[in-house]
Each structure stands twice: as C-alpha cells, then as structure tokens.
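Convention: sequence-line order gives letters A, B, ...; per-chain numbering from 1. On a predicted model such as this, the values are computed, not experimentally measured, just so you know. The figures that follow rest on heavy atoms only: side chains count, while hydrogens, waters and symmetry mates do not.
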Amino acid sequence: MYSEKVLEHFRKPSNMGKIKNASGIGKVGNIVCGDVMWLYIKVGENSKGEEVIKDIKWQTFGCVAALATSSVVSELAKGMTIENALELSNEKIVKELNGLPPVKIHCSLLAVDALHEAIYDYLEKHNRPIPEKLAKKHERIQKELKEIEKRYKDFLELEKRLEK
Amino acid sequence: MYSEKVLEHFRKPSNMGKIKNASGIGKVGNIVCGDVMWLYIKVGENSKGEEVIKDIKWQTFGCVAALATSSVVSELAKGMTIENALELSNEKIVKELNGLPPVKIHCSLLAVDALHEAIYDYLEKHNRPIPEKLAKKHERIQKELKEIEKRYKDFLELEKRLEK
Amino acid sequence: MWKGTAKTKKGANMIYLDNAATTQVRSEVIEAMLPFLDKKYGNASSLHSLGQEAKTALEESRAKIADMLEAEPDEIIFCSCATEANNFALKGLAFEAKKQGKDHLIVSKIEHHCVLHTAEWLESLGFRVTYLPVDEYGVVKLAELEEAINEKTFLVSVMYANNEIGTIEPIKEIAKICEEKDVAFHSDAVQAFGKIPLDLKKVDMLSLSAHKIYGPKGVGLLMKRKHLRIQPLLHGGGHEFGLRSGTENVAGIVGFAKAMELALKEMPRESKRQARMRDKLIKHALQIPESRLNGHPKKRLPNNANFSFRYAEGESIVMKLNEHGIAASTGSACSSPKLEPSHVLLALGLAPSEAHGSLRLTLGRYNRMEEIDYVCKVLPEVIEELREISPFWHKKS
Amino acid sequence: MWKGTAKTKKGANMIYLDNAATTQVRSEVIEAMLPFLDKKYGNASSLHSLGQEAKTALEESRAKIADMLEAEPDEIIFCSCATEANNFALKGLAFEAKKQGKDHLIVSKIEHHCVLHTAEWLESLGFRVTYLPVDEYGVVKLAELEEAINEKTFLVSVMYANNEIGTIEPIKEIAKICEEKDVAFHSDAVQAFGKIPLDLKKVDMLSLSAHKIYGPKGVGLLMKRKHLRIQPLLHGGGHEFGLRSGTENVAGIVGFAKAMELALKEMPRESKRQARMRDKLIKHALQIPESRLNGHPKKRLPNNANFSFRYAEGESIVMKLNEHGIAASTGSACSSPKLEPSHVLLALGLAPSEAHGSLRLTLGRYNRMEEIDYVCKVLPEVIEELREISPFWHKKS
Ligand SMILES: Cc1ncc(COP(=O)(O)O)c(C=O)c1O
Ligand SMILES: Cc1ncc(COP(=O)(O)O)c(C=O)c1O
C-alpha cells in the first residue's frame, strides 16, 4: 500500500530528534488518534538576509505515513524562508512521497500542521505579526484538539491512570 | 444420486411393452407432471388354482426413477396372486431399488398405483367385488388426476394445440 | 498431482456437452493460481510483504478485469459466485432504494433462479416485482418493459443471454430504456461473457462467474458503477471498498482474471468454431421427428443448442446419453433435480410434453467436431429408444 | 508449477507470525484439491457421471466434516468464508425470528467485525442489539449475559476464541445459559478450530473458515442444527439443502475437509509445540519496559501472543519487523488499515497509548523455535528504535 518513497523515509527518516532552545515548537495530533508530532524549528537568516528555517527536527509517534511525512516535511522545509514554509501544502507532501493511501492522507495534513504551528509559536513568542491565514489555521488546530479531548474524555482518563 | 440398482433397471428394463387384450390396464400420472405410466396385466390361474398375474407389461414416459420403478414393479408382480399384488407397497419398491433420492420417492408411488389401477380395471371389467381399500385408492387416484387437470388447464390446452 | 499444460483436456473420457453448467479449469489458469495457494499465501489486508504481494496480485487482477469490462477498478467487486453477485445486486440496491421510497423492481421471467428467488424474497419483505414476459424465442418484450417502469421502480434486471436456451437479449435497447427512465439496469452476463462481445456502456451492474469460462468454482464478481449506491450483502472487515467483506480469495481471483483474458482472446475463433458444431447439432437433431429447437434461431449463444423431443423425458435422455459417454443436461444444472419443468421453457409457452422432453447441449473449447458427429449418431437412437417405452408414442404410431 | 510436498514450507523467506490472518495451504490440501480443478471438474448438480463424481466428493467431504463436528451431514452448509457464515447465521435467523415476533440479539463487544457490523445492519432495520461487555482479559461477563436475555431474544453470538487477543470464551457456560433460556447460540470458531478441542453439543450454529487452518481462501461453512429454521442469505438454485445457493466450490470443499482432518490429527502435538513458542515470546516481550500482554494469561489460544508497547505505534512496529523479515500484525488483518484503534483492545479498557501500540504474533505449524529466538532478539530493538523517535518516550526519560 505504501510507495517505495514512503518506505525509504520510514527506513531512514531525516532530521529526527529534538532542538534544544528551539525558536518554535509545533505540537499536533493526539494520542487518542494514534498520531502525535512534535516539530522543532531554529530560525536564522540566510545570505540574503531573509528569515529562514536554519534547522528542523521532529519527534513523532505514529504510523508509517506519519513518520514518512514528518521526515519529508523536515527535508523540504529545511532552509526555506518562513514565507515559503507557510506555503507548503499537504498536496506537495503527498506528491513528494509518490502518493499515500487514501486513509493515510490525514497524516500529510498533520505534518504540515506541525510545521505551521512551530512557525506560529516562533512568531508569537517574538511578538511578531501573525498572518491572518496562519492565525486561522492555528485556531482550527486548537479547536480540533479541544474537541477530540472532549469527545474522548473517558479514553484519555485511562491514559492518565497509566501515568500514575 | 441413483443407486446402481436403479441404473441397472434403467439400462435394461424388464417387461416393457404392451399386452394386447390385457385383462386390466392401469393408467396413472399426467403429462403435466412429466411422468405417465400405463401398466397392462394378464390374469390367469396358477397350479394351485389361485388367480395370479400371468403376464405384465408397461409403457412409461418419465424420468430414470419412473422407468426403474416400472421395471421393478413388473418384476415383483409377475406371478403374484392378485391378493399379494394388492399388498405391494412403495416402501418395498424403494427398498428393492436400494433407495431413491427424496425428490423421486413419488415415482415409486406412481408405479404401485399403476399396478393397483390395472387390478381395479380387471376386477371392474369382470364385475368382481372390489376390496374397499382398493376402491378408496382408485377414488383418490382419479380425484388427484382431475385436480391436476383442473389446476393445469391452460398448460394442457397447449398440449391439445400441439396434437392438431 | 498436477502434471501441466495439455492443450486438449478431458475428464473421465466423456464427451462433455455441459459447458453452461461448468467448465474444466484451463491449465494456464491452474498455473496462475497455484503460487497463491502455495508460496504467496498472504492475506491481502496484511501490512507485511507477504500481504502486500497478495494485495498487488489482487489489484492487478482487478485492473485487468476493469479494463476488459470498460470499467474503473473500483467498480469491480469480487465475490464468491454469480449467485452471490446477483443476490448482492438486487438486495443491495433494494435496501438502499427503500430509503429513497422506491420499492419496485423488474426482472424477466427467464432469469436464473438466483435472480428470481431473490426477487421473490424481496417480495416477501414488501417490495413489488414485475416478472417481464418473453416471446416464443425467449426475447424480452420491450414494449412491456417500458410500460412496467413506474416512478417507484429502482431496478431492471435482464440477463445478457439465457443459460438454458441461449437466447441473447436486446441489452442495448433495454439499457437505453432504463437510461431514459432513470432506472438502474443490472444484467447477469454469466453465460454471455467470452462467447459474444458485450456492450456495457449503459449497464449499471453486471454479474460474472469464473467457473463458466474455464476458471475455478467459488469466484464471481459484480461490476457496479460508482454513481450507484448499494448496501453490502456481506458485512464485516470492509474489504472490496466496504462493499463485500471476507478475506479475498486471491488464488481464485488471479485465476478468474486469467480465464477472462484468455476467453476474450480466443473468442473470435472459438465462437465461430463452436457455432459450427452447434449448427451441425441443430441440423441433425431437427431431423428427429417431433423435435423443436428452443430459443432464438439466430440470436443465440454460439455454444448453445436446446431441443424438445416430445414423448422422450429429459432426465432419461440425459442418462441414456451418459451411458453413451456424453455429458449433457436437461435445462439448467442448478440444484438437485426438481419435479417442475423448466420455468424458462414454460415462459416460452411450451406444451407439457415439450417442456418435459428438453435437452441442453452446450459446447466448449475442448469439444471437437468428431465428438459432435458421434453425438449426432447416438442422439436419434436414444430418443427412439425412450419413445419406444413411452405410451404416447405407440398411441400415435 | 506445483512441485509437491515439502514438509516445512515457507513463503518469500519470511518468518511468518501472522497465522491468525491466514495460513499457507498445506501440500496435502493442494494435492487433494487439484483433481477437482483439473479432471474432475463436474458441477455437483449435474446428472451425468462427471457431475455425480463431484457430488460424491462433495458429500464425502460433508460427511467427514459432520463427523468431526459431531453433527449430521445435513447440518453442514458450505459457503464462501466465515464472513458469509456469520452474516448468514445472524441475518438468516433474524429474518426468521421476526416472523415469530422476536427482534433482539446479543453479541459480545469483541466479536469479529463481520458479526458486529452485521448486528449493526440489523439494528438499522429495526432489530435491537445488546453488545455484551468483557472483562480486562476479554472474557465475556456471564452475569451480564444472563441479564441481557429477554423474551424477545432470538440469538446469542459469542466467538469461541478471539482472533486478536486469543482469549478463549466460556462457551460451555454460555451454551448452558442459552439452553436454559431457550435462545439459539451461535459461535464463531474460526480461530479455535484445530487449536483447542471444541465442545459443540449445545452449540446451535458454528462458523468456520478454511484458510485459517491451512486450507484455501474462499471456503467456509456454517454448522446449523436441524431444529433451527433460518432463511437463506443467498437465494437461487437451492443448493446446500436450499439454504445456500451457488455452484459448490468442490475443490475448495474437498481441501477444507482435508485441512480440518489434518488439523485435528496434529492438534495435540502442534498445540503443545506452538504454546512453547508462544510462552517464550511472551516471556521475552514482557521484559521490554512498559509492555503488557493483552488477553487472558492462561485461557488463551496456544498460537496467540498479543502485546502493547506504549509509545511505539502498532503499524510502525509491524513495518519495522517486516524490514527484519518478520511478518506480524497489529490487531486483526481485516480490511485495509483504519484509523481507529482495535475495538477489541478498547473493550478491554486499554488506554490510548496501549491500544495504538499493539502487536499480534500468531504462530503456525511451519514455525520453528529458531525463528522465535530471532524474533526475541529483534523485537526489543524495534520497539526501542520507535520509542526513540517518539515525543513521549523522551519526555519520560
Ligand atoms: C445465467 C446464470 N446466472 C447465474 C448462475 C449462477 O452461477 P453460480 O452457480 O456460479 O453462482 C448461473 C449458473 O449456474 C447462470 O447460468
Ligand atoms: C474470528 C474470525 N471470524 C471471522 C473471520 C472472517 O473470516 P473470512 O475472512 O474468511 O471471512 C476471521 C478472519 O478474518 C476471524 O478471525
């Protein structure tokens, strides 16, 4: 069901790990859904003086598609200007992976969301203006998260029980 | 589905044909049902002076089971006293053939009916008293025939059209 | 043990003229199937390589078949036989249509029992069914079809060609009427596929069975257009686009695709060759007194000959022929022999003596003209023999 | 091409630990099937010798199987898979029960999807369904069963052993309750047959599938006691005592009978041998931190091990193992992978991180202890690797 490209990323994912003192962190997904991505970015300047994603790392709990999309998003975004990174779409990710099974398309969404959330986090922390589109997206992501937590309250309680 | 015994009778049926100047004829079944038997008997006396079936022949239109039961009934009845022939049952026929498929059991009934109708015909023609059981059976057979002719009137009309 | 690829195969040294009942699996098909029974045994739903290998074979077969039927791959739903496909088509659409307030379906009077009895079952649940009459050759009456369709009608089901008498139905015209009236059209093409070219552009659902075209028993398919919503007949794990659950019979499906491919490839040649044998059979059989050809004289399958011989009963004919090493059938080979004459022959308006005296000879790719010559010699003898025993014949002569 | 009878078979050089999903067809079974694909291809409903030869093989298989299940031959109804058998059992009885004014059925929460989704479909038609809870090991709660039965209840369906977690249900006790309350009892024994001895005396209906016991895909059966009336799911030619129409898959059925026979013969030895491998797997897997065994520690199938490894996602575990040449599964191998965690694990009360981190290893007759040793070495590495990438694990450590 997975393309060879997906499997390659799954076998040898790029940029996995954590950035200490990251410029921004995006945390998306929820354990109840089985996919969680944390994405770290380090923002810097390129030779032209533009703000770019100097470094990027991620930690993902999830299926093959979740791991592969994390990896490919990190590869694509690395070195990109913030502006361009905000234009990154899940179609682009799916295409880059030579397609994903229909049931797994949501994973590509998740990876792009994680990147954009990290950028939001960076912009907010630095009191920078937040583009309207990004603000809306952030709102949607947070709302969805709340809804899931509400809907699966009992299920999440079980998780808390385990943590003890 | 058929026992080897049934197939033997089918392959080499005994006593098939017609008796000219038969003592009695039994005609049972109907073309709409797909099985028709005409059974001829010649009655005579045996050495003990008893009335016996000296000769027996049959003509049958029907399936393998119909042909085989015609054959086996004729074999069994040949030489029997009238009394014994009236005791011949379809269970006996089925047993003699080492069984019949459930959907074909009715064929064994038909063959015994034909024999008993021939005896009825003989007794009636000679103004002989008719045992009550046989009279009842004759009534039943004739009633069933009428019912079938009534029920399948349209179908039988088609047959008449063909005869023209 | 499996010994390989004889081009001409035979079973039990019989002259097999019952190819409408079932066919011998082709050597090429057995060979295509074997790896999926043996080494490539994965479950097509499993994630690991063995599973994915099976999945790939499954989807390749689906794509090939879709191509042959001018359909999309996700319009091909594999199942266990044509009986299932027909039950699925009728019931699946009926339960869905009910939600839209539609409750009427139309089937021809000469459909296979698996369509007719399904329609009757739906009647027992409150659906209404029109049983469409046919003419004396078994051709569905188009004017009556047009009249029967009303605003509650959700489905018309007419077979592509009849399994007993071989009559080919006017599928294009029926499909056109259904399209105009916006009613779904299903066709049981079990006997037609691989024998005549099919025009499926306006057919919404189509049923096929592998074992009728030199494939294995236990595999069939329903082709169903995407625009048409139907409910599953088998609920479960969600296989086959959620429409037919149950672990896919990969070996069977691979064999099915292979059998279809070969059937289409050989069709031009085989249909001509078999038609020649059929025509010889017809010519000789009709020289027997009081015989008739059932079905359409022209619009009939190249491999089907169906006769009535008055005063010779069908089962007995078949068994006499069997004694001569010829495998034939009286009507359809459905369940165990029943007492009623064929519903198809009755629908044609045959008289009792004709309906009970029917013989179906269906040709296949392993038949040879010499076999037919032998049958032409034996058949009149067999009919004569049986008529000799029959009371009616003597009455006449 | 078929090369014959290796005693130890392997596909694609994998260590196959997904025997609950499907199994490799045994050489003996392939050999039993082949003649019925090749020379003995008759339709079991045909009157001629080729047909009768098939019929005889069919009925001999039926008689053998009836014997193994302590049933009568006419209580064995062949069909295409266990999915069909389960749909047939539930729907067939439901439509019949409705006529008697009964409309309530009870199924356990951990039934296979083909039971659960069938029950849901019946709900959509107005039937009422009780989904019976299980304890933390997956054992059905008998007291709740007793309470759930009412005068409208026509059926209780509880599987003999669960396909994901291997838990064996208290079938004897359930059957006794059903008998006392005069409710029919159906059990899906797909995973249990050939692994543990079955006690079927008080079971009214039983489902089996051939491909789980080294038989072919595409064959299953429903054992149904004569006293119980059910409606057909597939209407048609009236095959299988009028209860399941469609040309019988003779080759498949002959293979099924053979597979069952061999499974029972080898059961005493194989179940012990496989249990030893299972126990080794369990011992080693539970040494991995934050792992748990799902299902009952004692009352479990000899060939099933099911684990949760927190913070290592199931699909990824399976695919990592696949990279190491090990074929495993996360939960059931049903349809294509879905997003929800297994309904079985949820019914046990597992937390999200456990439910998403499950791994099912199911043993079979071709597995060897050396393979298990290798798996015990690889598994901890794989889990470790995946946890390395996971945000949660780092948070903890
Ligand atoms: C026209 C037609 N439809 C349906 C069927 C049913 O096919 P199967 O027995 O494979 O279910 C048959 C054959 O028996 C047939 O000839
Ligand atoms: C317990 C159980 N029931 C039913 C089934 C369905 O079997 P099949 O896919 O052969 O229809 C399976 C296997 O998938 C199973 O494990």
Quiz item: Of the listed residues (B:V36, B:D154, B:N30), which shares the most heavy-atom pairs with chain C below a 4.5 Å separation?
Solution: B:V36
Quiz item: Roughly how far, to the nearest 0.5 Å, is the OG atom of C:S353 from the CG atom of B:L162?
Solution: 5.5 Å
Exercise. Check whether any side-chain heavy atom of B:L67 sits under 4.5 Å from a side-chain heavy atom of C:L386, and report yes or no.
Key: yes
Quiz item: Is it the case that more than 12 heavy atoms not belonging to B:E132 sit under 6.0 Å from its CD atom?
Solution: no
Quiz item: Does atom CD of C:E323 have more than 12 heavy-atom neighbours, drawn from other residues, nucleotides or ligands, at distances under 6.0 Å?
Solution: yes
Quiz item: Crowded around C:Y131 OH? As in, over 12 foreign heavy atoms under 6.0 Å?
Solution: yes
Quiz item: Taking atom NE2 of C:H356 and atom SG of B:C33, what is their separation to the nearest 0.5 Å?
Solution: 6.5 Å
Quiz item: Does any pair with a residue in residues 144-164 of chain B pass ring-ring contact (aromatic ring centres under 6.0 Å, His included), and if so which ones, sequence neighbours excluded?
Solution: none
Self-check item: Inter-chain contacts: residues 5-12 of chain B against chain C, heavy atoms under 4.5 Å
Solution: B:L7, B:F10, B:R11
Quiz item: Which pair of heavy atoms, one from B:V64 and one from C:S316, lies closest together, and at what distance?
Solution: N-OG, 3.4 Å
Quiz prompt | Inter- and intrachain pairs under ring-ring contact (aromatic ring centres under 6.0 Å, His included), touching residues 124-146 of chain B, at least two apart | solution = B:Y120-B:H138, B:Y122-B:H126
Quiz item: Do C:S390 and B:Q59 have side-chain N/O donor and acceptor atoms under 3.5 Å apart?
Solution: no
Quiz item: If you count the non-hydrogen atoms of other residues, nucleotides and ligands that lie under 6.0 Å from NZ in B:K137, is the total more than 12?
Solution: yes
Self-check item: Residues, nucleotides or ligands: over 12 heavy atoms within 6.0 Å of B:Q142 CD
Solution: yes
Quiz item: Shortest non-hydrogen contact from B:F61 to C:E313?
Solution: CE1-N, 3.4 Å
Practice problem: Would you mind reporting whether B:Y2 and C:M319 have side-chain heavy atoms less than 4.5 Å apart? | Solution: yes
Quiz item: Taking only residues at least two apart or on different chains, which pairs with a member in residues 55-67 of chain B satisfy salt bridge (Lys or Arg N to Asp or Glu O under 4.0 Å)?
Solution: B:D55-B:K78
Quiz prompt | Side chain / backbone / both / neither for C:A312 at chain B, heavy atoms under 4.5 Å | solution = backbone
Exercise. Report the C-alpha separation of C:F392 and B:I31 in whole Å, then their side-chain angles, then the decisive distance to 0.1 Å, and conclude whether the side-chain contact (heavy atoms from CB on, under 4.5 Å) test is met.
Key: CA-CA 10 Å; C:F392 303 112; B:I31 187 76; 3.8 Å; yes
Quiz item: Mind checking whether C:L350 and B:L158 have side chains closer than 4.5 Å, heavy atoms only?
Solution: no
Quiz item: Are B:W58 and C:I389 close enough, and set up right, to give a side-chain contact (heavy atoms from CB on, under 4.5 Å), and what steps lead you there?
Solution: CA-CA 8 Å; B:W58 53 268; C:I389 322 183; 3.1 Å; yes
Quiz item: Just wondering, are more than 12 heavy atoms of other shown residues or ligands nearer than 6.0 Å to NZ in B:K125?
Solution: yes
Quiz item: For the atom pair CE (B:M16) and CD (C:E385), what is the distance rounded to the nearest 0.5 Å?
Solution: 7.5 Å
